[in-house]
Amino acid sequence: ADASDDPLASARALWYIRTMKERVNLSSWKSAKAEQRFRELEDELLRNSGRELPVPIDVETRLGPTRAYRWDGAGIPVVFLHGVSGTGLSWIGYTEHRGARVAYAIDTIGDVGRSEQQVAVEGPDDLAAWLDTTLAALGVEHAHLVGTSYGGFLALNLAARRPARVRSLVLIDTAGRYTTQDSAET
């Protein structure tokens, strides 16, 4: 079958582009100065946002420590997953529309947020296990996942591999699709 017959072809391509290298690739900053400047700007933007500030939570995972942000509330949580070169805090403008619902935003592993990748990602199963572990450590049994771009891929990937964790999906500009045919292959 050619790639157009494969409903996960675009998701596999995104995963390959994002994680596969000829050598082991651990995401890191090019310099401590660049990271410090980014953190200072992000902290300043957060302080000056005029929005409800989240509680930062760090959890341990096999791939490395993962930063999540929590906005208090009740009910089944909404979990926000950002796109490439973003952070969980990029969702702050959306969290004020959650009503009284609890919400989390996660800094995805291997990106510019405050999660720290320490182990290479070998495939989509590793990413599903990482997100599953992160949600478990946060006490999230199941959630409404909202993801944009790469975050949408992560949400879709979790739904395909750990469907009990996912109550619903909102996918924004996501590069993957999933059908029930794929569940037999997973």
* Structure fact -> Heavy-atom closest pair (Gly88 atom, Ala105 atom, distance to 0.1 Å) is O-CB, 3.2 Å
* Do you know which two heavy atoms are closest between His142 and Val166, and how far apart they sit? -> CB-N, 4.4 Å
* Rounded distance (nearest 0.5 Å) linking atom CD of Glu60 with atom OG1 of Thr133 -> 11.5 Å
* **Residues forming a side-chain contact (heavy atoms from CB on, under 4.5 Å) with Val59, sequence neighbours excluded** => Ile57, Thr61, Thr66, Thr134, Ala137, Leu138
* Asked: Taking C-beta and beyond as the side chain, do Phe153 and Val84 meet within less than 4.5 Å on heavy atoms?
  -> no
* Same hydrophobic cluster for Val140 and Leu156, using side-chain heavy-atom links shorter than 4.5 Å among ILVMFWY? -> yes
* Would you name the heavy atoms of Ser90 and His82 that are closest together and state the gap between them? => OG-CB, 3.8 Å
Name every donor-acceptor pair, under 3.5 Å, that has one atom in a side chain of residues 70-80 and the other anywhere in the protein, sequence neighbours excluded.
unit_1	atom_1	unit_2	atom_2	d
Arg70	NE	Asp72	OD1	2.8
Arg70	NH1	Tyr104	OH	2.4
Trp71	NE1	Glu52	O	3.1

* Answer whether the closest heavy-atom distance between the side chains of Leu131 and Leu81 falls below 4.5 Å. => yes
* To do: Would you mind reporting whether Tyr94 and Val146 have side-chain heavy atoms less than 4.5 Å apart?
  => no
* Asked: Should Tyr69 and Leu46 count as side-chain neighbours, where that means a heavy-atom distance under 4.5 Å?
  -> no
* Asked: Are the side chain of Asn48 and the backbone N or O of Glu44 linked by a donor-acceptor pair below 3.5 Å?
  -> yes
* same_hphob_cluster(Ile92, Leu145) at 4.5 Å side-chain heavy-atom cutoff -> no
* To do: Could you tell me whether Arg37 atom CZ has more than 12 heavy atoms of other residues or ligands within 6.0 Å of it?
  => no
* Asked: Should Arg161 and Asp132 count as side-chain neighbours, where that means a heavy-atom distance under 4.5 Å?
  -> no
* Does any non-hydrogen side-chain atom of Thr108 lie less than 4.5 Å from one of Trp130? -> yes
* If only atom types and distance count, is the side chain of Arg39 paired as donor or acceptor with the main-chain N or O of Gly113 below 3.5 Å? -> yes
* **Nearest atoms (heavy-atom pairs only) where His144 meets Ser168** => ND1-OG, 2.6 Å
* To do: For the pair Arg98 (side chain) and Thr95 (backbone), establish whether a donor and an acceptor sit closer than 3.5 Å, ignoring hydrogens and angles.
  => yes
* Does the side chain of Gln118 reach to within under 4.5 Å of the side chain of Pro65, using non-hydrogen atoms? -> yes
* To do: For salt bridge (charged side-chain N to carboxylate O under 4.0 Å, His left out), just list the numbers for Arg62 and Asp125, CA-CA rounded to whole Å, side-chain angles, deciding distance to a tenth of an Å, and then say yes or no.
  => CA-CA 12 Å; Arg62 186 183 76 77; Asp125 289 333; over 6 Å; no
* Hphob cluster co-occupancy, Leu135 + Trp91, side-chain heavy atoms under 4.5 angstrom -> no
* Structure fact -> Closest heavy-atom pair, Ala155 versus Leu171, reported as atoms and distance to 0.1 Å, is CB-CD2, 4.1 Å
* Asked: Any donor-acceptor pair under 3.5 Å linking the side chain of Gln36 with the backbone of Phe38?
  -> no
* **Any donor-acceptor N/O pair, Asp107 side chain to Arg67 backbone, under 3.5 Å** => no
* Report the distance from atom CG of Asp111 to atom CD1 of Ile106, rounding to the nearest 0.5 Å. => 13.0 Å
* To do: Report yes if the side chains of Leu89 and Leu45 come closer than 4.5 Å at any heavy-atom pair, otherwise no.
  => no
